[in-house]
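Notes for the one structure printed next.
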Amino acid sequence: MNGSNELRLARRTTRLGTETAFEVLVKARALEAQGRDIVHLEIGEPDFDTPRNIIDSACDALHKGFTHYGPSAGLPQLRETIAEYVSETRGVRVTPDEVVVVPGGKPIIFFVILALAEEGDEVIYPNPGFPIYESMINYVGAKPVPIRLREEMEFRLDVDELAGLINDRTKLIIINSPQNPTGGMLTKKDIDGIARAIGGRNIMVLSDEIYSRLIFEGEHHSIMSIDGMKDRCILLDGFSKTYAMTGWRMGYGVMRADLAMHVARLMTNSSSCTASFTQMAGVEALRGPQESVEAMCAEFKKRRDVMVAGLNKIKGFSCLLPKGAFYVFPNISGTGWPSKKLADALLDEAGVAGLSGTAFGDFGEGYMRFSVANSIENIEKALERIRTWTEKNL
Ligand SMILES: Cc1ncc(COP(=O)(O)O)c(C=O)c1O
């Protein structure tokens, strides 16, 4: 090649992974454009509208002039509100200088891994798990060390196994509860065990708690609440899932102030700041009425029950009842089909968009993920289509 036009990417760019949900969505939409009817169970976002009080407060903020740049770490009003909310919900004293507001929960994953991990470091992360963890660990040149989440443990991690993966090179451990894609939840005993496994080592924990308000059974336990863990912990939470605000792009991290300063600097170098009127709506979301969160959660629970009961009646599928988040993660090994091939066939031939378990890492083989962020009517339609398909093909 004589190549003056050759694209010469930085090596790290070629190591970035992706989030398959967005790709399957594009494919499903293309099929719809050809006239096909597709039931969308691929994407992880509430199908509800953002509550009215939050929309009104954003409009009000726009009229009041919150249309300018703000501080990179977030508006003081919102940082203060988040500090109070996290202090209350996690039972630790958090101050506003420990809060960084960013456009979505995802940038906290991006910035924290970028700020902490580099070549020679090891980062432990859940597998199957949110694909951005592994992608970012690879991007920064650190070594991804998966901890397998097992169905026989209701998709919780095994603390002894975690202890065996920790060594002198371990820089960061990522945990996620309630979990995407499995809906598994860590117990208080698990959280205590993780803290014990870390012991006196200087290892940070990124605790992704974005689904902490979407819980159907049991209670949420945060590692931040454990004595001595606050300074080792980066808590990720946000507005996308709890308040049906995925398109607003707003989330936050809570971390020791000396790390928050560097994460804020990454904001200065990338987005400058999160949209100011959006942040004012965030204040209303946390301080205003919470009934809509409860109503949404109750509806997700009903849908989960319909989906799990329906899947368990289909040949080749068996599905645990997830305890939180809005996904179900059936074991499909009884179909005899590899996950990706089955997900493709269900989309192409049955008109049901779901994700292959392998979209969440190698240990997702043998599983699929369906989001229940769709109506009961559509969930029943999807179940009927999957059942008909399996009768024809298995
Ligand atoms: C586990 C987990 N963390 C973080 C995020 C990112 O959320 P956001 O849309 O607020 O960036 C998601 C979104 O799907 C998620 O599932």
Side-chain angles (χ1 to χ4, degrees), residues 17-25 40-48 50 54 74 78 82 100-113 125-137 147 149 155-157 172-186 205-215 220 222-223 234-254 263 266-267 270-271 274-275 278-279 281-282 285-286 293 300 322-329 354-355 357 359-361 364 369-373:
T18 188
E19 197 180 342
T20 311
F22 289 101
E23 287 169 8
V24 174
L25 180 65
H40 289 274
L41 302 181
E42 75 278 41
I43 199 88
E45 70 169 337
D47 52 323
F48 303 103
T50 304
I54 300 175
L78 182 57
I82 291 168
V100 186
V101 181
V102 293
K106 234 179 204 174
I108 289 297
I109 301 171
F110 193 96
F111 293 152
V112 164
I113 294 177
Y125 68 103
N127 188 327
F130 190 49
I132 301 308
Y133 308 141
E134 188 179 284
S135 165
M136 279 304 299
I137 299 164
I147 171 119
L149 303 186
F155 296 114
R156 292 159 27 238
L157 57 77
L172 179 68
I173 298 172
I174 302 174
I175 56 177
N176 172 215
S177 178
Q179 212 247 352
N180 176 9
T182 65
M185 263 173 60
L186 295 170
V205 179
L206 171 58
S207 182
D208 185 340
E209 302 180 19
I210 196 120
Y211 296 103
S212 59
R213 298 279 294 277
L214 293 170
I215 289 180
H220 178 64
S222 173
I223 195 159
I234 300 114
L235 178 141
L236 180 164
D237 205 338
F239 299 84
S240 303
K241 318 284 178 178
T242 307
Y243 300 101
M245 291 175 74
T246 46
W248 294 63
R249 308 313 300 138
M250 182 167 49
Y252 55 88
V254 178
V263 172
L266 282 164
M267 271 296 286
S270 53
S271 308
T274 305
T278 301
Q279 292 188 63
L286 289 174
V293 180
F300 283 136
K323 292 188 163 54
F326 39 65
Y327 311 105
V328 302
F329 200 63
L355 298 182
F360 302 91
R369 189 195 81 171
F370 296 108
S371 156
V372 292

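Counting begins at 1 with the first residue of the sequence. Just follow the structure's listing: the first ligand is 1, and inside any ligand the first atom is 1.
By the 4.5 Å heavy-atom criterion applied to side chains, Thr182 and Tyr327 are not counted as neighbours. Side chains of Phe155 and Pro126 form no contact here, defined as non-hydrogen atoms less than 4.5 Å apart. Counting only heavy atoms from C-beta outward, the side chains of Asn176 and Tyr133 approach each other to under 4.5 Å. Using a 4.5 Å heavy-atom cutoff, the side chains of Ile108 and Leu206 are in contact.
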Between ligand 1 and the protein, which N/O pairs are shorter than 3.5 Å?
residue  : atom   : partner : partner atom : Å
ligand 1 : 3 (N)  : Asp208  : OD1          : 3.4
ligand 1 : 3 (N)  : Asp208  : OD2          : 2.6
ligand 1 : 9 (O)  : Ser240  : OG           : 3.4
ligand 1 : 9 (O)  : Arg249  : NH1          : 3.1
ligand 1 : 10 (O) : Gly105  : N            : 2.8
ligand 1 : 10 (O) : Ser240  : OG           : 2.6
ligand 1 : 11 (O) : Gly105  : N            : 3.0
ligand 1 : 11 (O) : Lys106  : N            : 2.9
ligand 1 : 11 (O) : Arg249  : NH2          : 2.8
ligand 1 : 14 (O) : Lys241  : NZ           : 2.7
ligand 1 : 16 (O) : Asn180  : ND2          : 2.8
ligand 1 : 16 (O) : Tyr211  : OH           : 2.7

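Tested against Ile132 for a side chain to side chain contact (heavy atoms under 4.5 Å, CB included), the candidates Asp208, Ile109, Thr18 yield a single pass: Ile109.
Gly184 and Ser177 get closest at one heavy-atom pair: O-OG, 4.3 Å.
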